[in-house]
Amino acid sequence: MRDEGATFRDATALARDIFDRTGGEVRLALPLGLGKPITLVNALTRMAADDPSLSLTIFTALTLQRPHPASDLEDRFLGPAMERLFGNAPPLAYAEMIHEGTLPDNITVSEFFFQAGAWLGNDYAQRHYIPANYTHARDVLMARKPNVLMQLMPRQGDQFSLSCNTDISTDLFAARAAGRMEFIAVAEICDALPFMGGPAVIGAEEVALVLDPPRQIDLFSAVRRPVSDAQHAIGLHVSRLVEDGGTLQIGIGAIGDAVAHALLQRDRGTLGPVWADAPVPLQGDGIAPFDEGLYAVTEMLVGGLVALFEAGVIRREVDGAAIHAGFFVDARDMYERLRAMPQPQRDKIEMRAVSFTNALYGDEAAKRAARIKARFVNGAMQVNLLGDAMSDAAKPGQVVSGVGGQFNFFEQAFALDDAHAVLTLPATRTSGGETSSNIVWQVPVVTVPRHMRDIVVTEYGAAFLRGQTDEEAIKRLICIADSRFQAELVTQAQDAGKLAPDWQVPAAHRQNTPEAIAAWRTAHRDLLPDFPLGTDFTAIEQALLPCLEVLSNAAGRKRDLAGLLAASLTAPAHPQEGAMMRRMGYDPAPKLTEPLQARALRGAMRKVAARTL
């Protein structure tokens with residue numbers, strides 16, 4: 001018999017009880033993302049740090065952290081808004097120790113997926129990273145024989161909900177019930193989490209220990225970034241590939257927001273003029289409103305999917321649910337909308353294990369019948385001309401995020417009838433003022449190999465690669481590359497003997513320029529706003545974002561910075577210049593004696609004003 005629901009108010013006392021029950025050796029299964037019980041994890045971490053005789057081993061993923069401003073300008077922008085944007089949950093002590101290099105030898109932390117970019121250059125995190133497909137992470141964890149599972153949970157009466165993290169926890173509880181493993185289950189109460197029903201619900205008898213803290217933690221908010229011209233174009237292209245009555249998966253981020261928004265506009269019948277003005281060839285005939293509606297099966301429930309569900313685009317039900325998802329983390333408004341939903345409506349969003357959402361194994365016939373005309377939409381950082389995709393690491397040895405479920409969905413796309421894996425990426429990236437192509441001859445790290453190439457989408461269109469020869473795949477990818485880099489790509493492919501010596505880029509694809517995409521969006525900006533799903537940024541902060549981007553792109557380039565300084569003296573002022581400068585802690589009125597950084601920012605504001613007015 002397990003102890004049932006011994007409740008503590010003090011996290012330190014509960015941490016001591018856990019160490020006592022485990023003989024001073026805790027092997028902790030800690031959910032990824034939002035479901036980490038921060039108050040209790042910090043108590044365990046600090047107790048172990050203070051007592052070398054204790055041992056704490058943590059297996060987790062996606063340790064959510066507020067950004068650390070890397071410059072004075074970032075601090076001026078983020079500092080005053082940090083709690084409003086990201087919530088006021090305390091930082092995870094183990095993450096702080098890893099950053100500071102003070103994690104003691106008796107504490108070990110391993111992750112199988114990183115918050116994007118958070119651990120680049122950190123030797124400890126990079127050495128302890130475990131590459132694993134999401135569906136395999138459960139088995140990696142079980143092989144480590146965890147003796148404690150802790151999770152943030154809401155409670156209703158004598159029931160708890162796994163809420164945002166059924167992804168692996170659901171399978172662990174099932175394995176324990178079947179006698180295949182044993183662990184102490186611990187809940188930290190958080191009523192801000194929506195009480196998700198169905199498989200997410202567990203009885204009080206499943207939980208041995210409960211922390212009901214005097215002050216519950218605030219939920220981490222993943223701030224929505226503005227959707228750029230290129231990202232909106234990508235969303236428009238992807239929306240044409242989604243078939244009515246089909247199945248959808250999308251991820252978090254601005255491109256996911258753009259895809260969801262384009263699908264909403266398609267359903268409203270507003271995109272006809274947008275298609276008519278397209279400066280690049282269009283693929284896919286999915287332009288009509290949704291008659292049957294979509295079903296979503298996704299590892300991650302994101303705000304875009306919730307918006308599609310609320311609008312009735314996602315409404316095709318499978319076993320009583322319109323959405324099956326494994327975990328969620330998003331902006332705070334998504335949590336509020338889920339909490340506010342009537343229970344019958346919320347029950348149509350069913351949280352399941354990723355062994356269900358990300359794989360066909362187990363009741364395969366039913367999954368195949370449900371996941372018809374599936375479109376699995378995920379992001380990549382680079383794609384090479386032979387179809388290899390780089391999504392998890394920027395260079396060998398340095399993991400940016402992780403494989404997660406991306407390869408899982410490629411496997412499903414190839415196993416299901418009439419299904420496709422859609423990889424999205426902007427055609428270029430700009431860093432330190434230098435622009436380079438994301439369509440390249442070779443990538444340094446391969447996440448998805450070329451033999452599983454399927455559909456790649458940039459702002460310049462969609463390239464259908466499955467079943468094509470290498471030469472044809474190369475041609476199609478060059479056709480959706482930025483025209484500034486097409487000639488070099490052609491030469492590289494021809495030099496390698498992979499492209500006919502006389503092949504030339506077709507005329508229809510020779511004007512793939514940012515200016516063409518910007519003009520396309522500008523003509524329809526009322527339908528393609530910066531924040532189609534809403535934002536926590538104030539109006540002044542929204543106006544500041546493109547100005548800060550201009551300044552960031554100019555950093556390190558003397559000529560560009562000199563241009564900004566000149567603009568600060570000669571160009572017409574931005575209509576909101578005074579308010580924006582005040583928000584950044586500078587004098588609203590221009591002065592010759594103001595710091596060079598302030599003057600460069602003022603110049604960036606005037607550059608933005610000149611291109612938008």
Side-chain angles (χ1 to χ4, degrees), residues 1-22 26-45 47 56 58-64 89-90 92-94 138 141 146-177 181-220 326-329 335 338-339 351-353:
M1 293 290 292
R2 301 187 187 98
D3 295 334
E4 181 179 327
T7 300
F8 289 71
R9 297 284 285 172
D10 180 70
T12 301
L14 179 48
R16 171 53 61 193
D17 187 89
I18 292 171
F19 274 120
D20 288 345
R21 290 171 182 245
T22 58
V26 171
R27 299 182 300 277
L28 178 59
L30 193 62
L32 64 73
L34 192 63
K36 289 180 176 61
I38 297 175
T39 310
L40 186 49
V41 175
N42 285 352
L44 277 175
T45 302
M47 189 168 289
L56 175 60
I58 300 173
F59 182 83
T60 189
L62 195 58
T63 294
L64 298 171
L92 283 152
Y94 72 75
R138 174 201 64 187
L141 171 60
N147 56 9
V148 179
L149 179 151
M150 300 195 322
Q151 188 160 326
L152 206 63
M153 304 184 200
R155 178 173 59 187
Q156 287 184 2
D158 60 354
Q159 293 183 320
F160 293 88
S161 173
L162 297 175
S163 188
C164 57
N165 280 100
T166 49
D167 49 338
I168 293 177
S169 297
T170 304
D171 281 349
L172 296 184
F173 277 102
R176 189 177 70 171
M181 63 186 305
E182 187 55 68
F183 56 82
I184 301 167
V186 187
E188 178 176 331
I189 302 299
C190 180
D191 295 321
L193 278 173
F195 194 95
M196 308 303 291
V201 175
I202 59 174
E205 71 279 1
E206 297 292 327
V207 179
L209 300 167
V210 178
L211 177 65
D212 188 2
R215 181 182 180 186
Q216 296 183 6
I217 69 164
D218 191 16
L219 296 177
F220 185 92
F327 80 101
F328 61 76
V329 57
Y335 313 144
L338 287 173
R339 286 197 307 269
M351 303 301 294
R352 301 287 297 266

Specify the closest pair of heavy atoms between Asp191 and Arg339, including all atoms of both residues, with the distance to one decimal. O-CD, 4.0 Å
Treating Arg352 as the side-chain partner and Pro199 as the backbone partner, does any N or O pair qualify as donor plus acceptor under 3.5 Å? no
Is a side-chain N or O of Ser169 found less than 3.5 angstrom from the main chain of Thr166, in a donor-acceptor match? no
Heavy-atom donor-acceptor pair, Ser161 side chain to Pro154 backbone, under 3.5 Å: no
Name of the residue among Val207, Asp212, Leu193 meeting side-chain contact (heavy atoms from CB on, under 4.5 Å) with Arg155: Asp212
With a 4.5 Å heavy-atom cut-off, do Ile18 and Ile184 have their side chains touching? no
Could you report the tightest heavy-atom contact between Thr45 and Tyr94, atom names first, then the distance? CG2-N, 4.0 Å
Once you round to the nearest 0.5 Å, how far does CG of Asp10 lie from CZ of Arg16? 12.0 Å
Under the 3.5 angstrom rule, does the side chain of Arg27 hit a backbone N or O of Val148 as a donor-acceptor pair? no
After noting the C-alpha distance and the side-chain angles of Leu162 and Met351, does the key distance pass the side-chain contact (heavy atoms from CB on, under 4.5 Å) rule? CA-CA 9 Å; Leu162 297 175; Met351 303 301 294; over 6 Å; no
Nearest heavy atoms of Ala89 and Asp218, plus distance in Å: CB-O, 3.2 Å
Measure from the side-chain N and O atoms of Arg176 to the backbone N and O of Phe183, and report whether any donor-acceptor pair falls under 3.5 Å. yes
Apply side-chain contact (heavy atoms from CB on, under 4.5 Å) to Ile189 and Phe160, showing your working. CA-CA 9 Å; Ile189 302 299; Phe160 293 88; 3.5 Å; yes
Quick one: does any side-chain atom of Glu206 pair with a main-chain N or O of Phe173 as donor and acceptor, under 3.5 Å? no
Nearest heavy atoms of Val201 and Met196, plus distance in Å: CG2-O, 3.6 Å
Could you list the donor-acceptor pairs under 3.5 angstrom formed between side-chain atoms of residues 30-42 and any protein atom two or more places apart in sequence or on another chain?
from	atom 1	to	atom 2	distance (Å)
Lys36	NZ	Pro31	O	2.9
Lys36	NZ	Thr60	OG1	3.2
Lys36	NZ	Ala61	O	2.7
Lys36	NZ	Leu62	O	3.3
Thr39	OG1	Glu188	OE2	2.9
Asn42	OD1	Ala93	N	2.7
Asn42	ND2	Pro91	O	3.0

Could you label the plane-to-plane angle of the Tyr335 and Phe328 rings as parallel, tilted or perpendicular, counting under 30° as parallel and over 60° as perpendicular? tilted
First locate atom OG1 of Thr12, then atom CG of Asp17, and finally report the distance between them rounded to the nearest 0.5 Å. 12.5 Å
Between Leu211 and Val186, does the side-chain contact (heavy atoms from CB on, under 4.5 Å) criterion hold? Intermediate values first, please. CA-CA 8 Å; Leu211 177 65; Val186 187; 5.7 Å; no
Quick check against the 3.5 Å criterion: does Ser163 have a side-chain atom that pairs as donor or acceptor with the backbone of Met153? no
